[in-house]
There are 2 protein chains.
Amino acid sequence: MEADYALLINTIRHWITVAEEEEAIVHLLFERRTINASDFFLQAGDVCHYVGFVVRGLLRYYILDDGLEHTYDFSAEQSFTCNYESFLTQTPSIRFIQAIEDTQLLVINYRNLQRLYEQLMEGQKFGRLVAEDLFVGMLQKLTSFYKETADERYDTFIRSFPNLQERVPQYVVASYVGIKPQSLSRIRAQRAGKHY
Amino acid sequence: MEADYALLINTIRHWITVAEEEEAIVHLLFERRTINASDFFLQAGDVCHYVGFVVRGLLRYYILDDGLEHTYDFSAEQSFTCNYESFLTQTPSIRFIQAIEDTQLLVINYRNLQRLYEQLMEGQKFGRLVAEDLFVGMLQKLTSFYKETADERYDTFIRSFPNLQERVPQYVVASYVGIKPQSLSRIRAQRAGKHY
């Protein structure tokens, strides 16, 4: 639908000016993709060839460590999804990006993203602002992982993803907080008791 | 000296095209600064207001953790120096950047860097490529810190900074490798014995 591209262009306009006559470039360079719930946008071992814009649905990012899944991020509607490290270097990912719900995306491959940077008037600026944002976001995420207690991590989850509490399975929330599902139930029960 | 600006422009040209008539913009936006050995380019608690280009000299990056210095990076001739996180967000740094030798820099402040991005034909592209590079570099550094043994970290130091072995004090190398100076001496003695 046309509306999906309008949503994408609107999101790009949070960063830069996109002239009306440039909208066709975005149409041309992004294509549709659907990923069913529990299927993968990216699997460890594969190179990340696409940046995706989430039109509908929800994805999670995780790493496998000794057979344990560590969820560390989510992408929902109107956000971009990518393993930027694998994408930039075009080397195999160590991370998984998996759909939690049936997810509809507009995706752009590496070559076309370079075209977008070159063909939009402010394309390079868009790339710079996104890269800067991802840089800062990653450092803040890392600080959060190393400094926060389980309770604080749960607060971080609620604050960072206020609309996802009902949509993310509890074992995934627990893996994000870095605790067992039982411990998460305990935290939630305590808070319910305290009328949070 | 004119030669210092030529060196800077030459380095920028590793990333983007700078037309001859654009060289004056670079001259105008970067200014000279000298930092004596053991003085600071940036101290924890201060906001990083400048990106520096090292003309001559050497700087190290470290964090203080429970009174212990953890050196995690160096900037030598023809490299840029900055706490990019503090600079981008204009919030206080948790990192120190200290001159190991008397260091001459060309520095640009936040406002002027935005001007550089806007006024050079490929300024935004320069900003994008630098941000992407720093993003990937930081992730690789993190992986190295968490996965490598002391022996491997020492190899990483030698590989990453092949010309700095004679210029960096041993206690700083030890703090980069993450071991005590005595343990570093042991590693070096073992290697000398094996004719590495």
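Protein chains get the first letters and strands the later ones, always in sequence-line order, with residue 1 at the start of each. Every heavy atom of this structure was used, including side-chain atoms; hydrogens, water molecules and symmetry mates were not.
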* Residue by residue, scan residues 96-135 of chain A and write down, ordered by number, those that have a heavy-atom distance under 4.5 Å to chain B; if none do, write 'none'. => A:Gln114, A:Tyr117, A:Gln124, A:Lys125, A:Gly127, A:Arg128, A:Ala131, A:Glu132, A:Leu134, A:Phe135
* Asked: Heavy atoms under 4.5 Å from chain B: which residues of residues 69-88 of chain A carry them?
  -> A:Tyr84, A:Glu85, A:Leu88
Answer yes if [X] and [Y] sit in the same cluster of Ile, Leu, Val, Met, Phe, Trp and Tyr residues linked by side chain heavy atoms under 4.5 Å apart, and no otherwise.
| X | Y | answer |
| --- | --- | --- |
| A:Tyr171 | A:Ile187 | yes |
| B:Phe53 | B:Leu58 | no |
| A:Val168 | A:Leu184 | yes |
| A:Val51 | A:Val47 | no |
| B:Ile16 | B:Leu29 | yes |

* What residues join B:Ile94 in its hydrophobic cluster, counting side-chain heavy atom gaps under 4.5 Å, either direct or through other members? -> none
* To do: Sequence neighbours left out, what pairs pass side-chain hydrogen bond (donor to acceptor under 3.5 Å, both in side chains) with at least one residue falling in residues 44-53 of chain B?
  => B:His49-B:Gln90
